[in-house]
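Values below: every heavy atom of this structure, side chains too, minus hydrogens, waters and symmetry copies. Chain identifiers are assigned alphabetically (A, B, ...) following the order of the sequence lines, protein sequences preceding nucleic acid strands; residue numbering begins at 1 within each chain.
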2 protein chains.
Amino acid sequence: MSRILIIEDEKNLARFVELELKHEGYDTQVELNGRTGLQAALDDNFDVILLDLMLPELNGMEVARRLREKKNTPIIMMTARDSVIDRVSGFDHGADDYIVKPFAIEELLARIRALLRRIQIENDQQKSNKKSVTFKDLTIEKDSRIVRRGDEVINLTKREYELLLTLMENVDVVLARDVLLTKVWGYDSEVETNVVDVYIRYLRNKIDRPGENSYIQTVRGTGYVMRS
Amino acid sequence: MSRILIIEDEKNLARFVELELKHEGYDTQVELNGRTGLQAALDDNFDVILLDLMLPELNGMEVARRLREKKNTPIIMMTARDSVIDRVSGFDHGADDYIVKPFAIEELLARIRALLRRIQIENDQQKSNKKSVTFKDLTIEKDSRIVRRGDEVINLTKREYELLLTLMENVDVVLARDVLLTKVWGYDSEVETNVVDVYIRYLRNKIDRPGENSYIQTVRGTGYVMRS
DNA sequence: GTACTTGTTTGAAAATATATTACAAAAAGG
DNA sequence: CCTTTTTGTAATATATTTTCAAACAAGTAC
């Protein structure tokens with residue numbers, strides 16, 4: 001079930017849209033001003049955000065801009081009647097679609113469906129599309145499988161490479177040993193979890209510089225993480 | 001078993017719906033007008049209220065509005081087809097879903113199930129789905145497991161972290177020692193309840209500032225709580 | 001005030017988690 | 001085949017955490 005955040009200060013409209021969306025089976029949340037709306041959008045992972053342009057405390061444009069610094073949650077901007085300028089700058093600030101008030105609920109529903117579909121397709125494509133991954137001065141070129149620390153090329157074995165890639169594709173997410181095990185060794189692997197530790201050590205030997213803190217942090221009792 | 005209140009003046013329809021709901025295993029009660037319906041809804045704790053829009057003595061909109069002043073019992077509004085205009089124009093009545101008469105009983109059942117599920121999920125999820133949790137100037141980022149008091153990062157062990165998270169996901173709820181034990185140490189843990197006290201102390205040492213009141217309050221004879 | 005209950009603090013032992021190492025088995029590359 | 005490299009295991013060492021229990025402090029009831 002898709003989750004939709006409604007940021008709208010006109011309570012009646014917010015309530016009405018919420019009801020309609022729930023009726024359609026979406027999971028919704030309403031925030032009545034820009035500040036709490038932005039907070040909710042950052043704290044939580046919504047599939048779509050319906051964002052009013054005119055908001056108290058923090059206007060819609062500003063909410064979109066600040067959200068975009070951290071996240072790519074798709075935004076449908078709700079603007080007052082035909083202000084073309086708003087439209088243009090709305091897109092500039094990271095809206096993915098817009099709808100002009102007053103609108104028929106059916107049109108909104110159609111736009112949400114279209115956006116969800118579009119995002120879905122983009123996501124599928126994008127995952128396999130990123131060509132390189134970076135963490136500080138470490139880079140991985142996926143096509144060539146070349147790993148560099150600064151200018152220096154680092155030779156990794158297959159397992160080492162995949163373990164590092166997994167960690168680097170999840171910067172700031174603590175990954176438990178068994179998660180790493182299924183991601184790198186496969187869901188049906190029957191190796192001891194200790195191999196993860198051993199490979200972390202191999203990686204640390206190859207990528208870290210003596211005296212400096214390791215790029216790969218241990219979170220005792222939980223797993224490993226590369227912290228930005 | 002879920003309890004459902006049916007507020008509907010057409011006796012045949014009310015009777016039919018009641019029968020079907022009982023057949024599905026719900027516990028039901030019927031009220032035939034708005035006044036007694038509202039009274040019943042206030043007096044008793046139902047899981048869902050089926051509310052007809054057109055009612056004698058007090059119409060559905062008014063029932064919903066007055067109920068909402070006191071309670072958040074989920075409401076499914078039953079509207080006639082031609083009152084669709086009502087919902088579009090300014091309605092602020094506090095329904096959680098609606099169904100248009102005449103409806104197939106299966107649709108009603110599906111909407112009740114969906115609503116019950118939604119409520120359930122909302123209750124749990126608001127806690128566990130968020131990426132971060134906040135209490136005053138304390139924040140927890142769940143992915144990275146980083147805990148901050150203001151700008152300062154606080155290092156917690158696994159147990160400390162889970163205990164704090166549990167307390168912060170239940171702000172203003174007093175949690176008994178044995179509840180904390182099952183939530184943090186697991187339902188089959190066999191440690192003394194005193195370890196909870198010990199860990200509360202560790203947490204206080206790490207998160208409180210000298211001279212200030214502790215963020216974690218003791219409720220003598222009961223347990224601990226973080227009060228907002 | 002005294003007895004009693006409940007919560008706090010402590011230090012040390014026990015349990016656990018992680019790091020490190022050496023080595024054998026398996027795979028890859030000639 | 002033989003050599004080299006990679007992979008996984010197991011044992012040991014080290015570091016950290018968890019737990020317990022006892023002493024102490026603070027409330028509560030009489």
B:Thr157 vs D:dT18: side-chain N/O to OP1/OP2 distance below 4.0 Å: yes
In the 5'-to-3' direction, what one-character label does each nucleotide of nucleotides 19-29 of chain D receive under the scheme B = base within less than 4.0 Å of a protein heavy atom, S = sugar-phosphate only, - = no such atom? BBB----BSS-
Report the distance from atom CD1 of A:Ile200 to atom P of D:dG8, rounded to the nearest whole Å. 14 Å
Could you walk me through whether B:Asp97 and B:Arg111 satisfy the salt bridge (charged side-chain N to carboxylate O under 4.0 Å, His left out) test, starting with their C-alpha distance in whole Å, then the side-chain angles of each, then the deciding distance to 0.1 Å, before giving a yes or no? CA-CA 8 Å; B:Asp97 199 357; B:Arg111 294 210 170 272; 3.1 Å; yes
Can a salt bridge be assigned to the pair A:Lys131 and A:Glu141 using a cut-off of 4.0 Å between side-chain N and carboxylate O? no
Value in whole Å for how far the P atom of D:dT6 lies from CG of A:Leu156: 10 Å
Looking at B:Ile75, B:Thr28, B:Leu108, which hits side chain to side chain contact (heavy atoms under 4.5 Å, CB included) with B:Leu50? B:Leu108
Does C:dA19 have its OP1 or OP2 closer than 4.0 Å to a side-chain nitrogen or oxygen of A:Tyr224? yes
Given atom CD of A:Glu160 and atom P of D:dG8, what is their separation to the nearest angstrom? 11 Å
Separation of B:Asn205 atom CG from C:dT10 atom C1', in whole Å? 11 Å
Nearest-Å distance for atom pair NZ/C1', residues B:Lys158 and C:dT18: 14 Å
Any B:Arg177 side-chain nitrogen or oxygen under 4.0 Å from OP1 or OP2 of C:dT6: no
Interatomic distance, B:Lys206 NZ vs D:dT17 P [rounded to whole Å]: 7 Å
Cationic tip of B:Arg159 within the cone over B:Tyr199's six-membered ring, i.e. under 6.0 Å and within 45° of the normal? no
Heavy atoms of other groups near A:Lys158 NZ, more than 12 under 6.0 Å: no
Across the strands shown, which category fits B:Val196 at heavy-atom distances under 4.0 angstrom: base, sugar-phosphate, nothing? nothing
Using whole Å, what does the distance between atom P of nucleotide C:dT18 and atom CD1 of A:Ile216 come to? 14 Å
Compare the minimum distances between each of C:dT9, C:dT8, D:dT7 and the side chain of B:Arg201, then state the nucleotide with the smallest one. C:dT9
Below 3.5 Å, can you tabulate the donor-acceptor pairs from side chains in residues 184-196 of chain A to any protein atom, sequence neighbours excluded?
unit_1, atom_1, unit_2, atom_2, d
A:Ser189, OG, A:Gly186, O, 3.4

Presence of salt bridge, B:Lys136 and B:Glu212, under 4.0 angstrom: no
In whole angstroms, the gap separating C1' of D:dG8 from CG of A:Asp197 amounts to 13 Å
